[in-house]
Amino acid sequence: MMAKRRGDLLGVRAALSDRLLPVLVGAMSFLAALALGGALASATLAASWQGDTASALTIQVPQPTAQDAAHHGTRLAAVQQALAASKNVADVHVLSEAQINRLIAPWLGSDAASLGLSLPAIITGQWTGPGGTDQLTAELQQVSPGALLKTGALWAQRVAALTTSLQACALAVLLIVALVAAAVVAVATRSGLAQLRETIETVHGLGALDADIAARFAARATWLALAGSIGGTVLALPVLGWLAWLAAPFTGGSQFNHLFSLPPALLALVPLLPGCSALIGWATAQITVRGWLRRLP
Amino acid sequence: MVRFDDVWLRYRHTTRAAEAEALRGISFEIEEGGFRWLTGPSGAGKTSLLKLIYLAEHPARGRIEILGTRAARTTRREAALLRRRIGVVYQDFRLLPQLDAYDNVALPMRLARRSEAQVQADVTEILRWVGLAHRMHARPDELSGGEQQRIAIARAVVARPKLLVADEPTGNLDDEQAERLMLLITALNKLGTTVIVATHNTQLVQHYPFPRLGLENGRLVHDG
Ligand SMILES: Nc1ncnc2c1ncn2[C@@H]1O[C@H](COP(=O)(O)OP(=O)(O)O)[C@@H](O)[C@H]1O
Ligand SMILES: [Mg+2]
């Protein structure tokens, strides 16, 4: 009884109700957790795709067995020599007939070779050099007219653009969710202040400091926001686990046996959400109450 | 101790411009440990003058000094700390409805962060003094008007203010209770508390012949 008297002199507990505020802050935390998960997932996906893709080289050599431009040997051999001479190309690998068959099988059937088509030779490699591949393309064209060289740079650019916009979206969601949470706290605090107007005017007249009054509201708002946010975040965890499981094959990360394992970065960030919510609750209540008290002399 | 120099008070947001000036050119001084009646017909400006003393209004013009502090020169924090040294009995009591009599009286001490042991000792003593020790666990809505007024008085004096301001404190009391209240207030005054009591009870003023400030229509018409 004694502790309760001292703890809630103003009746803040009843005025800042324990229903709507935690539920809404909890919903915001749920969304924030998903947005965080999305941002991290797209970063992970991008990292695992981008590195390989950007530097991947594919060279097609049509009529690989025909004479090269300088009449020294086959076009394929000439292209291989040119690639070997270049400092900027590594891991050169000529696909075997079987590998090519496997590549085209979905389109042409399993025994494409028996159709007597003249297939180009395909060489893969890694572009290790700086800058573009224009000069190498020109060289290959010279020794083997019609040779085609492609890198994954354009594809990688697109992946990067997509990732950046996904992360911008996630950031926007986080920002909006934080603003909504702050608005919820501000509205609840204002309604509490309106309910306790006479009480607050009286204790103000008795010499209560603005800081004292604001602290009582802020403590209550902090607690409600924290409780709601913990609820919302905990509810988001299974959903995040499920999404991580869906994404696992693409990220090369966890396997089936880690059904509920989340990326470490996410596990580090998600517990910060209730802390951030509590901080938003505290700061918003402080600002709202102190602003309201300004009307008193 | 309390000093007014040509003080004017104007309520904003009033529709009738003629009545906007609640106080006009008020000057007086109350020495430390002094006692003043504040009299005048209803609407003369008694409550308005007391509000300036307990820092609930700012003057439009003039200079106010309370307990040695220029009222206009205080920060919000200093004003709050100054209010703690002024005990106020409001005309409408302003007890907190959710707290019982004990907690209402304890409020100023708890705001000043006194120890709970000291709160207990002082609150119990002052409740006994106003004759309401047996009602300490009653909430304001369970108390009569007179009892609420005595609780309001107990709250005003419990923290031993240097200055006691009472706005018609006998309004809800019968003659015998009014007598008891005056004994209490004069006792505090003898212990060194400066006291200002607004009233329109002329009998009481005659019975306790302290100096009197007379207000009429926002002007000071009597001082002495
Ligand atoms: N809050 C207020 N806003 C506007 N006018 C007020 C306010 N309080 C008092 N007044 C006006 O100021 C004048 C003095 O009022 P008040 O100080 O309450 O007189 P008293 O206490 O002597 O009855 C009256 O004309 C009253 O209408
Ligand atoms: Mg009055």
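Lettering of chains follows the sequences in order, A, B, ..., and the numbering in each one begins at 1.
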Counting heavy-atom pairs under 4.5 Å with chain A, which one of B/V88, B/I86, B/L107 comes out on top?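 Sorted descending by pairs with chain A, the first entry is B/L107.
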
Need one label for B/R85: side chain, backbone, both or neither, based on atoms under 4.5 Å from any heavy atom in chain A.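 Neither part, no heavy atoms under 4.5 Å.
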
So does [X] have more than 12 non-hydrogen atoms from other groups sitting under 6.0 Å from [atom1]?
X      : atom1 : answer
A/W292 : CH2   : yes
B/E125 : CD    : no
A/W223 : CH2   : no
A/R290 : CZ    : yes

Quick one: do B/R110 and A/D212 make a salt bridge, cutoff under 4.0 Å?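 No, this pair does not count.
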
To check you understand the geometry: which heavy-atom pair defines the closest contact between B/A80 and A/A208, and what is its length?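 That closest heavy-atom pairing would be CB-O, 3.9 Å.
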
Minimum heavy-atom separation for B/A56 to A/P297, with atom names?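 Scanning both residues, the minimum pair turns out to be O-CG, 3.1 Å.
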
For chain B, which of A/G205, A/A14, A/G11 has the most heavy-atom pairs under 4.5 Å?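 Result: the option with the highest number of such pairs is A/G205.
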
Which of A/E201, A/H204, A/E198 touches chain B most, by non-hydrogen pairs under 4.5 Å: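 Most pairs with chain B among the choices: A/H204.
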
Reported [atom1]-to-[atom2] distance for the pair [X] and [Y], which is rounded to 0.5 angstrom:
X      : Y      : atom1 : atom2 : result
B/L81  : A/L209 : CG    : CG    : 5.5 Å
B/Q98  : A/L10  : CD    : CG    : 7.5 Å
A/I213 : B/L111 : CD1   : CG    : 8.0 Å
A/L206 : B/N104 : CG    : CG    : 9.0 Å

Chain A contacts: which residues in residues 63-76 of chain B have a non-hydrogen atom closer than 4.5 Å to it?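 Hits under 4.5 Å: B/R76.
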
Treating B/R94 as the side-chain partner and A/T202 as the backbone partner, does any N or O pair qualify as donor plus acceptor under 3.5 Å?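 Not at all, since once roles are kept as given, no pair shorter than 3.5 Å links the two residues.
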
